[in-house]
2 protein chains.
Amino acid sequence: MSIIVQKYGGSSVATIERMENVARRIISAKEAGHKVVVVLSARGDTTDDLLKLANEANPNGSNRERDMLLSVGEQISVAMMAMILQRMGHGAKSLTARQAGIMSTSEYSNARITNIDTPRIIMELDAGNIVLIAGFQGETAHGDVATLGRGASDTTAVALAAVLNAKRCEIYTDVEGVYSADPRIVPNALKLPEISYFEMLEMAASGAKVLASRSVGLARKYGVQIVVLSSMAEAEGTVIKEEAKVEGIFVSGVVSNKNIARFSLSGVKDAPGVWFKMFSVMNKKDIAIDFVYQRKLADGTKDISFTVETERLQDTKSVLEENVHVLNFLGYKVNENVAKLSVVSSGMATNPGIPAMMCEALFDAGINIDSLSTSETRISAIIDKKDIDKGTQVVHDKFFGVMP
Amino acid sequence: MSIIVQKYGGSSVATIERMENVARRIISAKEAGHKVVVVLSARGDTTDDLLKLANEANPNGSNRERDMLLSVGEQISVAMMAMILQRMGHGAKSLTARQAGIMSTSEYSNARITNIDTPRIIMELDAGNIVLIAGFQGETAHGDVATLGRGASDTTAVALAAVLNAKRCEIYTDVEGVYSADPRIVPNALKLPEISYFEMLEMAASGAKVLASRSVGLARKYGVQIVVLSSMAEAEGTVIKEEAKVEGIFVSGVVSNKNIARFSLSGVKDAPGVWFKMFSVMNKKDIAIDFVYQRKLADGTKDISFTVETERLQDTKSVLEENVHVLNFLGYKVNENVAKLSVVSSGMATNPGIPAMMCEALFDAGINIDSLSTSETRISAIIDKKDIDKGTQVVHDKFFGVMP
């Protein structure tokens with residue numbers, strides 16, 4: 001009897017009716033002959049409500065206490081779902097991360113899973129129970145609760161699928177799968193039947209929200225087959241696996257990301273190691289920087305610039321201000337009117353025409369490219385934020401054609 | 001450096017402002033040179049909100065899942081309080097029952113504390129932290145969460161005071177101490193400066209809500225000095241200890257309880273052991289019966305009656321219906337228009353006049369006594385529910401005098 005791991009996000013369990021729908025899906029998987037392990041996120045606005053309480057108590061409270069407070073959201077979801085499944089006539093047990101044996105580092109609010117001790121899960125499955133596991137959390141070596149950071153319920157699900165040797169890991173979300181572009185921006189976007197881990201990683205890194213990149217990396221490492229599908233509709237989803245073969249499509253997707261900001265530092269002293277220092281101080285705060293540029297001026301100083309995710313804007317400012325003497329610069333400016341447009345393709349190396357096609361599409365639409373960055377599987381452009389939706393549409397149509 | 005255990009109820013932590021008041025009291029105790037351990041209940045309506053969610057999910061869900069859901073209320077309280085104390089400049093750590101080492105039986109919804117492993121608490125106290133512990137819960141031997149039943153945060157606090165050898169256990173509530181009668185019914189009721197464990201137990205058993213009787217029993221067993229006082233006012237409270245000496249007062253209190261119901265069974269076969277069987281079947285469901293009476297009829301059958309707490313009414317009906325052939329009766333009736341009036345005094349044995357004074361007061365007020373029951377420290381009367389407030393007042397005035 002094979003094990004299936006399913007993960008449902010917060011919107012899928014926001015109301016009792018939606019929870020009942022989810023319960024029916026879980027029961028279908030069980031009745032199809034599987035042992036079912038389900039990872040749940042906090043319901044609807046629960047995490048926001050808890051964050052509000054945390055901020056009322058203390059906006060600068062310790063991350064340990066914040067995690068203690070936030071982790072109750074998932075506990076509520078799993079206990080309620082267990083009771084709903086019991087009402088529908090099925091044995092069910094909810095487990096906190098600790099009870100499920102999910103151990104983590106103690107970097108509160110951004111912990112990583114270190115190990116999963118599965119005996120309790122196996123025992124409950126062998127007893128015929130559906131097992132509901134609180135996502136987003138782990139237990140530290142000191143017995144404290146730590147949350148795993150953004151998108152972490154996906155990671156919990158993939159990690160469980162790996163250690164349980166699950167047949168597959170089903171990630172249920174509010175879209176029907178992975179698309180060639182965000183369907184809210186590009187209405188004729190195609191749902192991809194398959195995509196490789198590598199392309200999915202690039203799409204996630206480019207800003208696609210459908211799956212947390214950490215979970216994709218983990219799936220790739222342990223060969224876990226992920227299926228992304230909708231919790232609301234019956235459509236087939238997208239399979240994410242090592243080798244995805246999709247005939248006739250050489251580009252996987254076009255991804256836009258409006259949540260970036262560009263920092264420009266002026267009067268930087270021209271000495272060796274400025275980027276090494278920059279990456280070091282940013283890395284300490286887990287801030288990823290991208291689109292790194294520098295320009296040497298006549299006076300011997302340099303202007304340098306880079307992009308960060310908008311949600312790390314304040315942290316980035318703090319790091320710069322704390323390290324002004326380490327980095328040796330005079331001042332900085334922030335530009336939030338930028339956005340990133342990326343084309344992901346595992347065929348980038350063998351299709352040198354891809355960057356050219358992208359630039360052509362943007363040029364035809366009168367959209368100016370500020371800067372470009374390329375990798376083996378991705379080309380990204382920084383453009384004005386006001387142009388990003390139009391840009392996404394025209395680049396998508398260049399590769400996928402205009403649908404009726 | 002001595003340890004103080006404080007316990008605050010749900011209404012004391014219902015809003016941020018009240019939590020801040022509580023935080024200031026906690027800090028005072030710390031600044032007075034004590035190590036402080038604080039037990040909190042769930043905030044305001046949180047437990048009711050969680051119960052609503054539980055009932056939406058499944059009114060008949062397993063107690064294990066119900067406990068899993070309900071236990072988050074206290075976790076929210078302690079994490080928020082830790083953050084508030086941090087904001088006020090004090091080191092603070094919140095601990096779930098599990099992290100605090102509070103082990104319990106696995107009778108979900110009504111578990112009992114079996115043991116407390118204190119190293120984590122001691123470690124946090126030694127590090128200079130105020131320790132906030134989630135009340136109302138324990139961890140079973142299987143690592144599950146179990147709640148401790150009604151009034152259980154009081155029990156958590158007293159148990160902690162016992163194992164930590166605390167100087168005293170302060171129970172903060174919305175009244176200023178233990179009174180000679182409920183001040184909402186008897187406006188001239190006196191606040192008692194001291195009361196013995198034994199009298200407090202009798203008052204709690206008679207329906208006084210100020211302290212859970214389980215916690216008083218535990219305090220008596222381990223010699224923990226309890227102080228009951230208000231979280232809102234600065235008044236001195238009531239000390240509960242082994243020997244309470246209060247000059248001039250030989251009655252501790254008058255307690256009324258409207259939440260009782262009388263069951264009358266008819267056509268009971270007159271065979272030995274009927275009460276033995278009755279207590280056995282009731283005890284299995286943890287239902288306490290009181291005011292037990294029987295009357296033998298001419299036809300050889302018996303009528304029997306007893307009282308139960310109203311909250312166990314439905315359970316009692318179920319037990320009777322399931323055991324109709326064990327108990328051998330023809331039918332039963334329930335009367336909810338009854339109430340219990342009790343006088344508690346450790347001097348009952350040496351003051352035989354107490355029952356007479358109580359009966360005289362009720363007779364003078366024209367209140368009929370349905371039945372009486374006496375013990376070493378208590379005399380209770382069943383009267384009509386409509387007469388209970390007036391009865392409490394006149395009996396109180398008989399012993400304590402009419403205040404201006």
Side-chain angles (χ1 to χ4, degrees), chain A residues 13 15-17 19-20 23 43 46 49-50 53-88 91-96 98-101 119-120 123-124 129 132 134 139-140 142-145, chain B residues 13 15-17 19-20 23 43 46 49-50 53-88 91-96 98-101 119-120 123-124 129 132 134 139-140 142-145:
Chain A
V13 291
T15 66
I16 288 284
E17 292 69 33
M19 292 187 93
E20 288 168 344
R43 303 179 75 211
T46 305
D49 293 345
L50 291 167
L53 289 181
N55 287 330
E56 275 174 36
N58 184 354
N60 303 307
S62 69
N63 284 335
R64 179 191 182 277
E65 298 303 327
R66 219 175 174 75
D67 282 4
M68 182 84 158
L69 184 55
L70 291 185
S71 66
V72 308
E74 286 72 22
Q75 192 172 334
I76 292 172
S77 295
V78 291
M80 286 182 71
M81 186 61 81
M83 287 193 266
I84 290 172
L85 288 164
Q86 288 171 356
R87 168 155 59 84
M88 294 182 173
K93 284 269 178 82
S94 67
L95 300 177
T96 60
R98 188 190 76 70
Q99 291 166 349
R120 176 71 189 266
M123 186 188 85
E124 298 295 349
N129 287 313
L132 292 314
E139 182 176 68
T140 72
H142 294 98
D144 289 338
V145 182
Chain B
V13 291
T15 66
I16 287 285
E17 292 68 33
M19 292 187 92
E20 288 168 345
R43 304 178 74 212
T46 305
D49 292 346
L50 292 168
L53 289 181
N55 286 331
E56 274 174 37
N58 184 354
N60 302 307
S62 68
N63 284 335
R64 179 191 182 278
E65 300 303 327
R66 218 173 173 78
D67 283 4
M68 182 84 158
L69 184 55
L70 291 185
S71 66
V72 308
E74 286 71 22
Q75 192 171 336
I76 292 172
S77 295
V78 291
M80 286 182 72
M81 187 60 81
M83 288 192 265
I84 290 171
L85 289 165
Q86 289 171 355
R87 167 155 60 84
M88 294 181 172
K93 284 270 178 81
S94 67
L95 300 177
T96 60
R98 188 191 75 69
Q99 291 166 350
R120 177 72 189 265
M123 186 187 86
E124 299 294 349
N129 287 313
L132 292 313
E139 182 176 68
T140 72
H142 293 100
D144 289 337
V145 182

Measure the spacing between CD of Glu65(B) and CG of Asn58(B) and express it to the nearest 0.5 Å. 10.0 Å

Which distance, rounded to the nearest 0.5 Å, do you find between the CE of Met80(A) and the CG of Asn55(B)? 10.0 Å

Please rank Glu20(B), His142(B), Arg98(B), Met88(B) by heavy-atom pairs under 4.5 Å with chain A and give me the top one. Arg98(B)

Under 4.5 Å from any heavy atom of chain A, what part of [X] do you find: side chain, backbone, both or neither?
| X | result |
| --- | --- |
| Ser71(B) | side chain |
| Gln86(B) | both |
| Ile16(B) | side chain |
| Ala23(B) | neither |
| Leu95(B) | both |
| Asp67(B) | neither |

Quick one, Arg64(A) with Ser94(B), criterion side-chain contact (heavy atoms from CB on, under 4.5 Å). Give me CA distance, side-chain angles, the key distance, then yes/no. CA-CA 9 Å; Arg64(A) 179 191 182 277; Ser94(B) 67; 3.7 Å; yes

Do Asp144(A) and Arg120(B) sit within salt-bridge range, that is, some charged N less than 4.0 Å from a carboxylate O? yes

Do Leu132(A) and Leu85(A) have side chains that get closer than 4.5 Å, going by heavy atoms? yes

Sub-3.5 Å donor-acceptor pair from the side chain of Gln75(A) to the main-chain atoms of Ala134(A), do we have one? no

